[in-house]
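Below: the structure, in structure tokens.
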Amino acid sequence: MIGVFDSGVGGLTVIKEIFKELPGYQIIYFGDTARLPYGTKGADFVKKYSLKISQWLLQRGAKVIVIACHTSSAWASESLKKQFAGIPIFEMINPGVKEAVKITKNKKIGIIGTPGTIKSGAWEKKLLELEPNLKIYSKSCPLFVPLVEEGWINKEITREIIEEYLEEFKNRGVDTLVLACTHYPILEKIIKKEIGPKIKIVNPARSLVKELKLFLKNNPKIVSQVKKGRNHQFFFSDQPYNLEKISHFCLNKKIKPIIKDPF
Ligand code: DGL
């Protein structure tokens, strides 16, 4: 199985890309709805639970771990890779960084994410490691998550909030904007409309899944260990809010949640 985890329901935007590119692989998903949001928590908290969840997914038979949560990717991916050396672990930042550097022409990149992701500085660090001449502008957009969870996608107020947050990226002349949060791809269409056609959008979930696909192609031994089938399991540590709406946005179908808090 491919183990995917997030703080809650937002990771379904990553499942969407996995289903599109890697149909047939069985998924075990864990959304930590009992403890969300991660985006406003401290690094130690996010690290602690990311570690527990990864351990739990491995115990339940996951052979590959996908850190769908951007805040976990930012605070915890390095320690998870150390702790579980030898286990293939995919996180959002490295694939997104490569994509953004490939796309930008004027070397001005915008990053939007949760307060935790932005505070971590993880994107800046990795981007500058790959391309030291970049100008990077990052901004947290904490209202986007509740707007998406409320299902307020096509409302005028959502457009206004997006405009308010993203205006500065237009003024600064960035040509690439990274959606560094699970929920933001659900707003991609209106974000695109708001920032205009000159700014290209990077959805790291797509970049991650491309890398995962390539990895599986080159590692038949792992492929043989990852179970196939449609018997996906979606665990949540507490009742997920508006799951039906979010799974409809992402997967165009309902999913059956299994409520279980192993911690
Ligand atoms: N999943 C989180 C992320 O991608 C957003 C929601 C939260 O703050 O828990 O950073």
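Ligands are counted one by one from 1 in listed order, and the atoms in each one are counted from 1 as well.
For atom 6 (C) of ligand 1, the closest heavy atom belonging to the protein is S7 OG, 3.6 Å. Counting only heavy atoms of the protein, atom 1 (N) of ligand 1 lies nearest to D6 OD1, 2.7 Å.
Heavy atoms of T71 found under 4.0 angstrom from ligand 1 belong to the backbone as well as the side chain. The backbone and the side chain of T182 each have at least one atom closer than 4.0 Å to an atom of ligand 1 (non-hydrogen atoms only).
Nearest heavy atom pair, residue L134 against residue V101, reads CD1-CG2, 4.2 Å. P257 and F236 make their closest contact through CB-CD1, 3.7 Å (heavy atoms, listed as atom of the first residue, atom of the second, distance). Shown here for R60 and I28, the closest heavy-atom pair between the two residues is CB-CD1, 3.8 Å. Of all non-hydrogen atoms in I93 and A74, the two that sit nearest each other are CD1-CA, 3.6 Å.
Numbered from 1 in the order shown, with element, the atoms of ligand 1 that lie under 4.0 Å from a heavy atom of C181 read 3 (C), 4 (O), 5 (C). Below 4.0 Å from some heavy atom of G39 lie the following atoms of ligand 1, by number and element: 7 (C), 8 (O), 9 (O). Near Y38, with a cut-off below 4.0 Å to any heavy atom, the atoms of ligand 1 are 7 (C), 8 (O), 9 (O).
Relative ring orientation between H232 and F234 is described as perpendicular, the plane-to-plane angle rising above 60° on a 0-90° scale split at 30° and 60°.
In terms of polar-atom proximity, H70 is counted as a contact of ligand 1, with an N or O under 3.5 Å from an N or O of the ligand.
Linking Ile, Leu, Val, Met, Phe, Trp and Tyr residues whenever their side-chain heavy atoms come within less than 4.5 Å leaves Y137 and I109 in two separate clusters.
By the 4.0 Å heavy-atom criterion, C69 is counted among the residues contacting ligand 1.
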